[in-house]
Amino acid sequence: METAALTEQDREEFRRQLLSWFRLNARDLPWRQTRDPYRIWVSEVMLQQTRVATVIARYNQFIQRFPSLVSLALAREDEVLTLWSGLGYYRRARLLHSAAQLLVNEHGGSLPHTSQELRRLPGVGDYTAAAIASIARNEAVAVVDGNVERVLTRVLGKAAVRRAGLPAQLKETAGWLLDPTAPGTFNQAMMELGATVCLPHAPQCADCPVRQFCATKGEHVVAPRKQIVSRQTHYALVKKPAEEGSKRVAVLLAQRPDSASQMPGMWELPAIAAPESSEPVLRIRHAITNTNFYVEVFSLKPEEFLGPRHEKAMERHDWVVDSKLSEVPLTGLARKILMRLDVMAKPREVRSGKALPGREGDFL
DNA sequence: CATTCGTGGAT
DNA sequence: TATCCAAGAAT
C-alpha cells in the first residue's frame with residue numbers, strides 16, 4: 001500500500017501529530033469513560049447517523065436502565081423502544097435487542113472479541129464491528145465512517161481517492177495509516193478530527209494537526225441532494241379524566257401497524273382528516289428524511305372523536321394516563337407534540353456514566 | 001449498487 | 001414552510 005502523497009515517514013509523523021492533538025482536544029464523552037465492550041457497542045449503535053449531542057443524554061439513560069448485556073437481553077422489546085423514542089431509526093434498537101438476546105441465549109452472554117465475529121451480529125456492519133473491536137479489544141482494524149472518509153479524501157487528494165474510491169480500498173487506506181499500537185485511540189482521533197476540525201463545509205485548516213500532510217487543504221465536493229417534498233398531516237389530541245373525579249388525564253394514542261415502513265409498532269396521536277370548523281392547538285413542522293410534514297393538532301372531546309368509524313379504522317388504540325406516557329414507545333413527533341402541549345413531562349436528566357459502576361461481566 | 005430508515009440542531 | 005446531514009446497516 002502506498003499513496004502518492006505520503007511516505008512511510010510521513011505516516012509516522014501523521015500518527016504522532018494526530019494522537020498528540022487528540023490527547024489535548026478529545027471531548028469528554030460518557031462512552032469514553034469505559035472500555036466495557038457492551039457499552040461501547042450501545043454507544044456505537046446510537047451514534048449511527050445520529051449526532052453526538054443528541055446521543056449523550058440518551059446513552060446515559062439507556063445505560064442506567066440496561067447496565068449490562070444480560071439486563072438488555074431480559075428486557076421486553078417495547079421498553080427498549082421506549083428508551084429509543086425520538087432517536088429515530090428504530091430498527092437499530094430492535095436489532096440491538098435481538099443481538100443481545102442471541103448472545104445471552106447462545107454465546108454465553110458476552111460479546112465476541114474479534115471484529116470478524118462482531119460483524120455477524122444483527123445491526124453490526126463494517127464500521128461498528130471495527131469500532132467495538134478497536135476501542136474495546138485493541139484490535140488493529142481501521143474504522144471508516146463519514147468523518148474518516150472525508151478526512152482521507154482531503155488529506156490524500158483526488159488521485160489517491162480515485163484509487164481508494166471503493167469502500168474496501170478506503171478501508172485499506174485507513175488501515176495503512178492506522179497506528180497499530182493504539183488503534184482504538186487512533187480511530188477515535190480520526191473521527192474527532194472530522195467531527196470538530198475537518199468539517200464538511202467550513203474546515204478549520206488553521207487548527208488542523210495534520211495540515212502539513214494535507215493535499216487539498218479542505219477541498220470537498222458535496223453530492224447533490226434529493227428534492228424535499230411537503231405533506232400536510234392532522235392529529236387529534238383527545239383527553240378524558242383518567243378516573244372518576246381524578247385530576248389525572250388520559251390521552252388517546254394509536255399504534256402504527258407492524259407493516260408500516262416507518263416506525264412500525266410505535267405509538268402516536270390518532271391521525272384525522274382536517275376538522276372544518278376548529279382551530280389547531282398546535283402547528284409545527286416535522287422533517288423526516290426528505291419529507292417536511294406540516295402538522296396541525298386539534299383538540300377533540302372523546303365524543304367528538306370516538307365513533308364506530310374511527311374505532312374500526314385504527315389498527316389499535318388505547319387510553320394512556322399522562323404520568324405513564326414516558327413508558328410508551330412514542331414516535332419522535334408524538335413526543336414532541338405531547339411535550340410541547342405540556343401533556344407529557346420532560347424526561348429527567350440522568351447522571352453520566354462516570355458515576356455508574358459496571359464492567360464487562362456484571363450481572364444485571 | 002441505490003434506497004430506505006428519523007430526528008434535531010447548526011447555519 | 002430553508003437546507004444540510006450526523007461515529008451506518010439492511011435489503
Side-chain angles (χ1 to χ4, degrees), chain A residues 26-27 29-32 40-59 81 84-96 98-99 118-132 134-135 142-151 165-168 170-171 174 184 186-196 198-202 220 222-233 256 260-266 268 283-296 329-337 339-340:
Chain A
R27 289 168 293 179
L29 304 173
W31 47 92
R32 288 185 176 160
I40 304 294
W41 178 30
V42 170
S43 75
E44 291 300 342
V45 173
M46 275 195 182
L47 286 163
Q48 289 167 6
Q49 296 293 285
T50 309
R51 294 185 190 295
V52 166
T54 304
V55 168
I56 292 174
R58 300 314 205 85
Y59 170 84
L81 287 171
W84 213 271
S85 166
L87 270 178
Y89 291 131
Y90 299 100
R91 184 174 56 179
R92 293 181 296 175
R94 293 193 158 96
L95 294 177
L96 179 68
S98 69
L118 287 162
R119 178 65 181 77
R120 300 169 56 181
L121 295 173
V124 176
D126 276 337
Y127 163 77
T128 304
I132 300 169
S134 65
I135 296 169
V143 301
V144 180
D145 72 332
N147 289 309
V148 174
E149 180 172 354
R150 184 175 58 255
V151 170
L166 270 39
L170 217 47
K171 183 157 180 171
F186 180 91
N187 281 333
Q188 293 186 79
M190 286 287 279
M191 294 190 280
E192 192 86 347
L193 186 70
T196 64
C198 197
L199 302 170
H201 288 291
H220 189 56
V222 283
R225 290 289 117 205
K226 270 195 286 192
Q227 176 106 27
I228 301 288
V229 300
S230 296
R231 284 183 48 192
Q232 316 282 329
T233 56
R256 298 175 61 81
S261 70
Q262 298 181 322
M263 300 160 278
M266 304 290 283
E268 61 185 355
R283 250 192 272 262
I284 54 175
R285 182 175 67 86
H286 187 72
I288 301 283
T289 316
N290 65 334
T291 304
N292 276 336
F293 290 93
Y294 295 100
V295 175
E296 291 182 328
L330 299 169
T331 66
L333 174 57
R335 297 180 103 238
K336 190 156 82 174
I337 293 171
M339 298 211 293
R340 198 75 64 92

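Numbers restart at 1 for each chain; the letters A, B, ... are given by sequence-line order, proteins then strands.
Partners of A:Trp31 according to the ring pair (Phe, Tyr, Trp, His ring centres under 6.0 Å) rule, which considers only residues two or more places apart in sequence or in another chain, are A:Tyr59. Residues satisfying the side-chain hydrogen bond (donor to acceptor under 3.5 Å, both in side chains) criterion with A:Arg27, sequence neighbours excluded, are A:Glu192. Evaluation of the side-chain hydrogen bond (donor to acceptor under 3.5 Å, both in side chains) rule for A:Lys336 yields A:His286 as partners, not counting sequence neighbours. Shown here are the side-chain hydrogen bond (donor to acceptor under 3.5 Å, both in side chains) partners of A:Ser43, two or more places apart in sequence or in another chain: there are none. Taking the side-chain hydrogen bond (donor to acceptor under 3.5 Å, both in side chains) definition, one finds that A:Ser85 meets it with A:Arg335, sequence neighbours left out.
Taking atom P in both B:dG8 and C:dA9, one finds a spacing of 22 Å when rounded to whole Å. The same atom, C1', is picked in C:dG8 and in B:dC1; the two are 16 Å apart, to the nearest Å. When the P atom is used for both C:dA7 and B:dT4, the distance is 23 Å, rounded to whole Å.
Mapping A:Ser43 and A:Leu95 onto DNA chain C via the closest heavy atom, the residue that lands nearer the 5' end is A:Ser43. Residues A:Met263 and A:Ala53 both approach DNA chain B. Their nearest nucleotides, taken by heavy-atom distance, put A:Met263 toward the 5′ side.
Remark: A:Tyr294 OH to A:Gln232 CD distance equals 8.0 Å, nearest 0.5 Å. Distance check: A:Met263 CE to A:Leu330 CG gives 12.0 Å after rounding to the nearest 0.5 Å.
Counting non-hydrogen atoms under 4.0 angstrom, A:Ala287 reaches a base of the nucleic acid. In this structure, A:Arg32 reaches the bases: a heavy-atom distance under 4.0 Å links it to at least one base atom across the strands shown. Within 4.0 Å (heavy atoms only), A:Gln262 reaches sugar-phosphate atoms of the nucleic acid but no base atom. Counting any heavy atom pair closer than 4.0 Å across all strands shown, A:Trp84 reaches no nucleic acid atom. Contacts of A:Leu29 with the nucleic acid, taken as non-hydrogen atoms under 4.0 Å apart, include base atoms.
When the nucleotides B:dT7, C:dA7, B:dG8 are ranked by their closest atom to the side chain of A:Thr289, B:dT7 comes out on top. Of the candidates C:dA9, B:dT7, C:dA7, C:dA9 carries the atom nearest the A:Arg91 side chain, counting heavy atoms from C-beta on. Counting only heavy atoms from C-beta on, A:Arg51 has its side chain closest to C:dC5 among B:dT7, B:dC5, C:dC5. The A:Asn292 side chain lies nearest to C:dA2 when the options are B:dC5, C:dA7, C:dA2.
Counting distance only, with no hydrogens placed and no angle test, the side-chain atoms of A:Tyr89 and the base atoms of B:dG6 include a donor-acceptor pair under 3.5 Å. With hydrogens and angles ignored, no donor-acceptor pair closer than 3.5 Å exists between the side chain of A:Arg92 and the base of B:dC5. Taking only distance into account, the side chain of A:Thr331 never meets the base of B:dG6 through a donor-acceptor pair shorter than 3.5 Å.
Ring stacking holds between A:Tyr294 and C:dT1, with the centres under 5.5 Å apart and the planes within 30 degrees of each other.
When the side-chain nitrogen and oxygen atoms of A:Lys336 are compared with OP1 and OP2 of B:dG8, one or more of them lie within a distance under 4.0 Å. An OP1 or OP2 oxygen of B:dG8 is reached within less than 4.0 angstrom by no side-chain nitrogen or oxygen of A:Thr50. Put simply, A:Gln49 has a side-chain N or O that comes within less than 4.0 Å of OP1 or OP2 on C:dG8. Taking only side-chain nitrogens and oxygens, A:His201 comes nearer than 4.0 Å to OP1 or OP2 of C:dC5. Contact between the side-chain N/O atoms of A:Thr54 and the OP1/OP2 oxygens of B:dG9 is not found at any separation under 4.0 Å.
Taking atom CZ of residue A:Arg285 and atom C1' of nucleotide B:dT7, one finds them 11 Å apart after rounding to whole Å. As a whole-Å value, the separation of A:Arg340 CZ from B:dT7 C1' is 13 Å.
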Mind listing the N/O atom pairs, protein and nucleotides 1-3 of chain B, below 3.5 Å?
none

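Here the side chains of A:Trp84 and A:Val45 are in contact, with some heavy-atom distance below 4.5 Å.
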